[in-house]
Amino acid sequence: MSRPKRRTNRRRKNRKNNPANNRSGFKKRNEEVIKEITYFDGITVNELAEKLNKNASEIIKLLFMLGKMVTINSAMDEELIQLVCLEYDVEAIKEDSEDEEDNLLANIVDDPKDLRERPPVVTIMGHVDHGKTTLLDTIRKARVVDDEFGGITQHIGAYQVAVDDHKITFLDTPGHEAFTAMRARGAKITDLVIIVVAADDGVMPQTKEAIDHAKAAEVPILVAINKIDKDTANPERIMSELADIGLMPEVWGGDTIFVEISALKGQGIDDLLENILVLMEVAELKANPNRLASGTVIEASLDRGRGPVTTLLIQNGTLKAGDPVVVGTAFGRVRRMNDDLGKEIKEAGPSTPVEIIGLNDVPIAGDLFKAFEDERKARTLADKRAQTRIESERVKTSAMTLDDLSQQIQEGNIHEVPVIIKADVQGSAEAVKSSLEKIDVEGVRINVIRHTAGAISESDLMLAIASKAIIVGFNVRPTAAIRKMAKEEGVDIRLYNIIYKAVEQMESAMKGLLDPIFEEVIHGQAEVRQLFKASKIGTIAGCMVTDGKIVRNSFVRLMRDGVVIYDGKMSSLKRFQNDAREVAEGYECGITIENYNDIKIDDVIEAYGEVAVERE
């Protein structure tokens with residue numbers, strides 16, 4: 001029995017003397033003196049500790065002593081970071097977050113010998129129902145408009161067509177005002193903007209807005225005057241209206257090309273395409289196809305069978321199947337790539353719209369993307385950007401501060417309607433958000449706490465329960481399990497496929513949240529003919545109803561010679577000895593007034609009430 005004991009003691013001695021067996025709970029660090037560090041938005045306590053060569057527990061303890069409660073994974077704001085660094089006499093320099101974006105999509109200076117001609121990217125813009133999608137249909141010899149609810153384009157589309165051995169990439173942006181952000185994105189990635197104006201309608205607000213986007217993006221504008229086949233068409237008026245806002249027609253000595261077309265009948269389409277090619281030939285559009293691809297997200301959605309599905313416009317380089325890509329905060333490998341006709345392709349060059357699957361998350365339309373050689377680098381960059389975005393959203397949805405409370409008190413009693421928006425694609429989610437936030441009902445406002453693409457999930461339901469939010473689904477349906485759970489938890493799920501219906505219903509609901517407006521209603525008048533004194537009741541006025549009717553428990557005004565002597569509440573109304581609900585004109589009654597007895601003969605008692613009036 002003694003040998004095992006001696007072995008155990010030896011083990012204890014060895015363990016005690018071995019510096020590797022440090023059981024203090026924390027890894028010992030080299031005592032390197034740090035004088036300066038750099039940090040980025042959303043850096044965690046653990047990451048800061050590593051930069052300072054300190055234990056995270058040490059920083060947590062320091063902040064606790066300063067009255068700040070944090071955990072190892074807490075994101076730190078600039079004030080906290082500077083506070084910690086000051087304690088350790090370290091200078092903290094913030095990294096410019098834009099540098100990361102610039103590095104992600106840094107424009108490599110290409111050798112002119114490597115540049116090749118690329119197809120032009122043309123965006124079609126204009127007012128709703130002026131014929132943009134019909135024009136694109138005619139060019140593509142396809143019918144897109146039939147698939148849209150109410151004939152209104154709900155998503156942004158990207159299509160490539162061949163014209164006289166040349167390719168043109170068309171972006172079709174929705175025209176109605178809800179899609180301002182989508183149109184703005186279209187203008188930023190385009191080489192030419194076609195403004196479609198209906199010859200029988202004229203220049204509308206969204207037409208002017210589209211022109212503003214095109215001018216801001218500093219891209220050429222071509223005007224297509226559509227519906228010239230109609231009897232009420234007046235192209236001269238359109239040219240005059242556009243000339244007034246800075247688009248002077250070439251035929252009038254300006255520099256804007258105007259083409260008269262009928263998208264429905266195909267009239268003037270060849271002339272339009274010819275003008276596009278002429279304008280783009282002058283622009284000499286070129287790109288280097290022999291490099292890693294970069295570009296912009298046109299649209300993104302979550303498909304139940306395929307996962308995140310993303311439409312990209314490649315602006316430079318060539319994207320190949322299998323390439324690692326970073327798209328906003330999402331990343332992954334291109335597992336499958338389809339062209340605009342749904343055909344699988346292995347690679348795509350500049351100015352080509354493609355649909356890819358393989359990302360780990362649904363990106364946001366308008367996000368920039370870049371292909372990488374190293375998947376690890378792509379993953380690291382995407383994770384860092386995702387963390388930054390999560391922390392910024394966490395700040396936005398944090399509890400109300402005293403400043404917020406003070407502001408609400410100053411603004412009055414403001415009702416907020418928390419809303420979670422889920423849509424089939426990200427662009428629609430943004431459009432629904434924009435439309436709902438524009439609803440103008442005095443005293444009520446909508447607070448969109450989440451707007452994402454994809455099906456209504458349990459996570460959305462949990463957030464709705466916690467924030468008492470309404471879930472608005474656009475072109476999505478909840479599963480039976482989600483419906484059942486929502487019913488049990490009392491979460492209201494509203495489903496729509498047309499935006500204006502969502503706006504109408506939400507506006508009605510918001511009006512219902514308002515404190516009702518009360519309007520005074522005069523029930524009738526009674527003249528005091530006799531007075532009766534009762535020790536327990538007070539003065540009873542024996543009256544004759546001279547106008548309308550006297551209603552029990554109504555408010556009353558006591559008038560003497562046309563002047564209001566007292567305004568209060570009726571205490572009782574009787575017909576003879578019985579309580580009466582109401583007494584009509586021409587009948588006698590007895591009235592007592594609550595807490596008032598100074599009634600005289602010939603006084604007039606006016607009974608009135610208040611009714612709630614629906615707000616306009």
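Given the structure is predicted, the values throughout are model-derived calculations rather than measurements. Starting from 1, each residue takes its place in the sequence as its number.
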Is it the case that the side chain of Q315 and the backbone of P350 share a donor-acceptor pair, with hydrogens and angles ignored and the cut-off at 3.5 Å? no
Quick check against the 3.5 Å criterion: does T44 have a side-chain atom that pairs as donor or acceptor with the backbone of E47? yes
For residues 197-204, which side-chain N or O atoms pair as donor and acceptor with protein atoms under 3.5 Å away, sequence neighbours left out?
{"unit_1": "D200", "atom_1": "OD2", "unit_2": "K230", "atom_2": "NZ", "d": "3.3"}
{"unit_1": "D201", "atom_1": "OD2", "unit_2": "H130", "atom_2": "NE2", "d": "2.9"}

List the residues meeting side chain to side chain contact (heavy atoms under 4.5 Å, CB included) with K286, not counting sequence neighbours, and say none if there are none. L115
Hits for side chain to side chain contact (heavy atoms under 4.5 Å, CB included) against T352, two or more places apart or cross-chain, chain-then-number order -> Q160, A348, V354
What pairs with N338 under side-chain hydrogen bond (donor to acceptor under 3.5 Å, both in side chains), at least two apart in sequence or on another chain? R336
Candidate list T311, T310, V309, test side-chain contact (heavy atoms from CB on, under 4.5 Å), partner E299, passing option: T311
What donor-acceptor contacts under 3.5 angstrom involve side-chain atoms of residues 273-285, with partners at least two apart or in another chain?
{"unit_1": "N275", "atom_1": "ND2", "unit_2": "D271", "atom_2": "O", "d": "2.8"}
{"unit_1": "N275", "atom_1": "ND2", "unit_2": "D271", "atom_2": "OD1", "d": "3.1"}

Within residues 351-366 or reaching into it, pairs that qualify as salt bridge (Lys or Arg N to Asp or Glu O under 4.0 Å) - sequence neighbours excluded: R306-E355
Modelled atom types, side-chain donor and acceptor of Q426 and T452, under 3.5 Å: no
Can you list everything that forms a side-chain hydrogen bond (donor to acceptor under 3.5 Å, both in side chains) with D229? Sequence neighbours excluded, please. S262
Just wondering, are more than 12 heavy atoms of other shown residues or ligands nearer than 6.0 Å to CG in D244? yes
With sequence neighbours left out, write down each residue that passes side chain to side chain contact (heavy atoms under 4.5 Å, CB included) with N290, or none if nothing qualifies. N288
Do any N or O atoms from the side chain of D339 and from the backbone of K343 form a donor-acceptor pair under 3.5 angstrom? yes
Sequence neighbours excluded, the answer for salt bridge (Lys or Arg N to Asp or Glu O under 4.0 Å) partners of E260 is none
How close do S301 and D424 get, heavy atom to heavy atom, and via which atoms? CB-O, 2.9 Å
Output, in order, the C-alpha distance, side-chain angles, deciding distance and verdict of side-chain contact (heavy atoms from CB on, under 4.5 Å) for F258 and V251. CA-CA 8 Å; F258 281 66; V251 293; over 6 Å; no
Answer yes or no: are there more than 12 heavy-atom neighbours, outside K208 itself, under 6.0 Å from its atom NZ? no
List in chain and number order the residues that pass side chain to side chain contact (heavy atoms under 4.5 Å, CB included) with L495, two or more places apart in sequence or in another chain; answer none if no residue qualifies. I456, R477, P478, R483, I493
Holding to side-chain hydrogen bond (donor to acceptor under 3.5 Å, both in side chains), I want the full list of residues that pass it with D460, two or more places apart in sequence or in another chain. K422, R450, S457
List for me each residue that meets side-chain hydrogen bond (donor to acceptor under 3.5 Å, both in side chains) alongside E437, sequence neighbours excluded, and say none if there are none. K433
